[in-house]
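Quick notes on the structure that follows.
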Amino acid sequence: MNHRRNALFQDLIKNPVFIAWVLEDSSELDQYWKNWSSGDITRKEALEQARFSLLSFTDETLRITDEHIAYKVSQSLEIAKRRENAARISKSEFSWLKHSRAMAASIFVLLAAGLFIYIKYPNRTIFTENQQQLSLNQKEEVIIEIANENKEVKYVQLPDGSSVVLRKNSRISYNKNFGQIKRVVVLSGEAFFEVTKDPEIPFFVYANELVTKVLGTSFSIKADENGKNVLVAVKTGKVSVFTKTDQHAREYESGKKLSALLLTCNQQATFERHISRLVRSTITGSMLLKIPIENQKFTYNATPVSEVFASLEKAYGIDIDYNEQIMSRCSITATLGDEPLDNKLKWICAILEANYQISENKVSITGNSCQY
């Protein structure tokens with residue numbers, strides 16, 4: 001049964017007539033598809049699944065095909081041909097006919113151009129669509145975008161103090177007024193998050209078709225633009241995940257509590273984009289992106305500051321500048337959990353009676369000697 005449904009699904013999403021019916025809301029084809037699926041539960045299921053997929057995704061496997069373009073051109077020309085063969089065509093009708101043929105040719109040019117743009121930039125669209133979430137209910141629509149183009153990992157501090165470790169060839173964007181009304185980040189690529197706790201203002205990450213909602217915890221997201229799946233792995237605490245097209249998505253977004261599919265420590269959600277399926281699983285450790293911070297324990301027992309700072313540099317991909325000679329005898333005994341880097345530095349500097357300043361990918365620490 002499943003094999004037949006999957007085969008029907010694959011045929012439908014490649015069928016230009018079906019694509020035209022779904023994407024262009026061609027009501028004249030309603031009866032055809034109603035008859036096609038009538039009395040056959042497997043066909044009905046395949047039809048709904050394919051329709052949902054086409055409406056929900058801009059995945060590369062669902063891009064407009066040459067067959068679809070040919071079908072639309074043929075359809076336009078057929079309409080023009082029927083009008084041309086109509087009896088006693090008036091001059092005005094003939095003029096309209098020429099316009100129809102020109103319009104059919106224009107449709108071909110526009111569709112072909114659209115196909116080129118879509119293939120060349122297949123997922124920029126979904127990233128841009130997600131960015132629309134940044135301006136909802138915001139007083140100002142200034143969007144800040146940060147990309148990591150050449151570093152293995154890049155540290156980003158959000159306005160609320162949350163940390164983002166951004167993998168190479170990944171980018172995030174957020175509203176200039178981030179945190180004042182909503183905390184929303186749009187991700188394309190791969191990143192590790194440590195979110196500042198604030199139950200009153202939930203934190204959302206939009207990554208391809210998936211939305212991750214947290215109140216304050218640490219987790220990884222892998223949402224490569226051309227990837228087949230979107231993955232979320234939790235290191236500490238818990239998060240909830242749901243699709244943008246979920247019928248309860250607005251409820252999940254507006255509520256202050258976590259709902260939808262809940263993930264806890266060492267659990268992972270996999271969203272299979274081509275069949276719109278969200279699966280939860282247990283994993284050994286939280287290594288999703290294979291970066292040190294995912295499994296790193298920030299536990300120190302009389303640890304020299306040189307080792308503490310080295311572990312932070314490795315975890316966040318930053319440089320820490322301090323006077324090694326003056327602070328050579330300083331050590332740290334503390335256990336730091338899923339706090340963002342800013343909070344970790346506050347604790348460390350409180351212990352050392354030192355000060356710090358974060359600028360881009362560099363931390364400057366000034367302190368006194370710990371020799372007594």
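Any value given below was found using the heavy atoms of this structure, including those in side chains, with hydrogens, waters and symmetry copies removed.
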Quick one: closest heavy-atom pair of [X] and [Y], and the distance?
X: V230; Y: A223; value: CG1-CB, 4.0 Å
X: I146; Y: L166; value: O-CD2, 3.7 Å
X: A315; Y: F298; value: CB-CZ, 3.9 Å
X: T212; Y: V232; value: OG1-CG2, 3.6 Å
X: I172; Y: L187; value: CG2-CD1, 3.7 Å
X: I326; Y: G367; value: CG2-O, 3.8 Å

Under 3.5 Å: donor-acceptor pair, side chain of [X], backbone of [Y]:
X: R329; Y: S369; value: no
X: S240; Y: S259; value: yes
X: R171; Y: G189; value: no
X: E294; Y: L288; value: yes
X: D224; Y: N226; value: no
X: K182; Y: F204; value: no
X: K235; Y: Q296; value: yes

Please tell me if the side chains of [X] and [Y] come closer than 4.5 Å, counting only heavy atoms from C-beta onward.
X: N343; Y: K346; result: yes
X: L352; Y: C370; result: yes
X: I293; Y: E194; result: yes
X: W36; Y: L12; result: yes
X: T243; Y: L210; result: yes
X: V205; Y: F219; result: yes
X: D246; Y: V211; result: no
X: V185; Y: F193; result: yes

Reported [atom1]-to-[atom2] distance for the pair [X] and [Y], which is rounded to 0.5 angstrom:
X: I283; Y: L263; atom1: CD1; atom2: CG; answer: 9.0 Å
X: C349; Y: Q357; atom1: SG; atom2: CD; answer: 11.5 Å
X: S311; Y: K297; atom1: OG; atom2: NZ; answer: 14.0 Å
X: F178; Y: S173; atom1: CZ; atom2: OG; answer: 11.0 Å
X: T196; Y: Q157; atom1: OG1; atom2: CD; answer: 8.0 Å
X: N301; Y: S331; atom1: CG; atom2: OG; answer: 9.0 Å

State which residues pass side-chain hydrogen bond (donor to acceptor under 3.5 Å, both in side chains) with [X]; sequence neighbours excluded, sorted by chain then number.
X: R277; result: E272
X: E339; result: none
X: D160; result: S162, R183
X: D338; result: K197, T236

task: Show your reasoning for whether side chain to side chain contact (heavy atoms under 4.5 Å, CB included) applies to I332 and V305.
output: CA-CA 6 Å; I332 297 292; V305 292; 4.2 Å; yes
- prompt: What pairs of residues pass the salt bridge (charged side-chain N to carboxylate O under 4.0 Å, His left out) test when at least one of them lies in residues 210-221, not counting sequence neighbours?
  reply: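 Not a single pair qualifies under salt bridge (charged side-chain N to carboxylate O under 4.0 Å, His left out).
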- prompt: When you check the side-chain N and O atoms of E190 and S170, is any donor under 3.5 Å from an acceptor?
  reply: no
message: Please evaluate residues Y356 and I348 with respect to the criterion side chain to side chain contact (heavy atoms under 4.5 Å, CB included), reporting the C-alpha separation (whole Å), side-chain torsions for both, the decisive distance (0.1 Å), and the verdict.
response: CA-CA 10 Å; Y356 74 94; I348 292 171; over 6 Å; no
Between [X] and [Y], is there shared hydrophobic-cluster membership here, with clusters defined by ILVMFWY side-chain heavy atoms closer than 4.5 Å?
X: L215; Y: I221; answer: no
X: L312; Y: I365; answer: yes
X: V363; Y: I351; answer: yes
X: L262; Y: V195; answer: no

Contact list for residues 313-334, test ring pair (Phe, Tyr, Trp, His ring centres under 6.0 Å), sequence neighbours left out: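 Sorted pair list: Y155-Y316, F309-Y322.
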- prompt: What pairs of residues pass the ring pair (Phe, Tyr, Trp, His ring centres under 6.0 Å) test when at least one of them lies in residues 247-270, not counting sequence neighbours?
  reply: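 Of all non-adjacent pairs touching residues 247-270, those that pass ring pair (Phe, Tyr, Trp, His ring centres under 6.0 Å) are F242-Y252.
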query: Apart from V279 itself, what residues make up its hydrophobic cluster when side-chain heavy atoms of I, L, V, M, F, W and Y under 4.5 Å apart count as a link, directly or indirectly?
result: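 None; V279 is a cluster of one.
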query: Which ILVMFWY residues are connected to I201, directly or by a chain of links, through side-chain heavy atoms under 4.5 Å apart?
result: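 Result for I201 is none, singleton.
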Any residue meeting side-chain contact (heavy atoms from CB on, under 4.5 Å) with T335, in chain and number order, not counting sequence neighbours: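 Partners of T335 by the side-chain contact (heavy atoms from CB on, under 4.5 Å) criterion, ordered by chain and then number, come out as T299.
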field: Residues forming a side-chain contact (heavy atoms from CB on, under 4.5 Å) with D40, sequence neighbours excluded
entry: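 Partners of D40 under the side-chain contact (heavy atoms from CB on, under 4.5 Å) test: R4, T42, R43.
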query: Going through the distances and angles, do V234 and Q267 end up as a side chain to side chain contact (heavy atoms under 4.5 Å, CB included)?
result: CA-CA 6 Å; V234 178; Q267 286 189 329; 5.5 Å; no
message: For K168, is there an ion pair with E152 - N to carboxylate O distance below 4.0 angstrom?
response: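 The answer is no: the pair does not qualify as a salt bridge.
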task: Keeping to residues at least two apart or across chains, list the disulfide bond (SG atoms under 2.5 Å apart) pairs with something in residues 166-266.
output: none
[atom1] ([X]) with more than 12 external heavy atoms under 6.0 Å:
X: K362; atom1: NZ; result: no
X: Q10; atom1: CD; result: yes
X: W33; atom1: CH2; result: yes

message: Pair R167, V153 - check side chain to side chain contact (heavy atoms under 4.5 Å, CB included), show working.
response: CA-CA 5 Å; R167 285 291 300 272; V153 293; 3.9 Å; yes
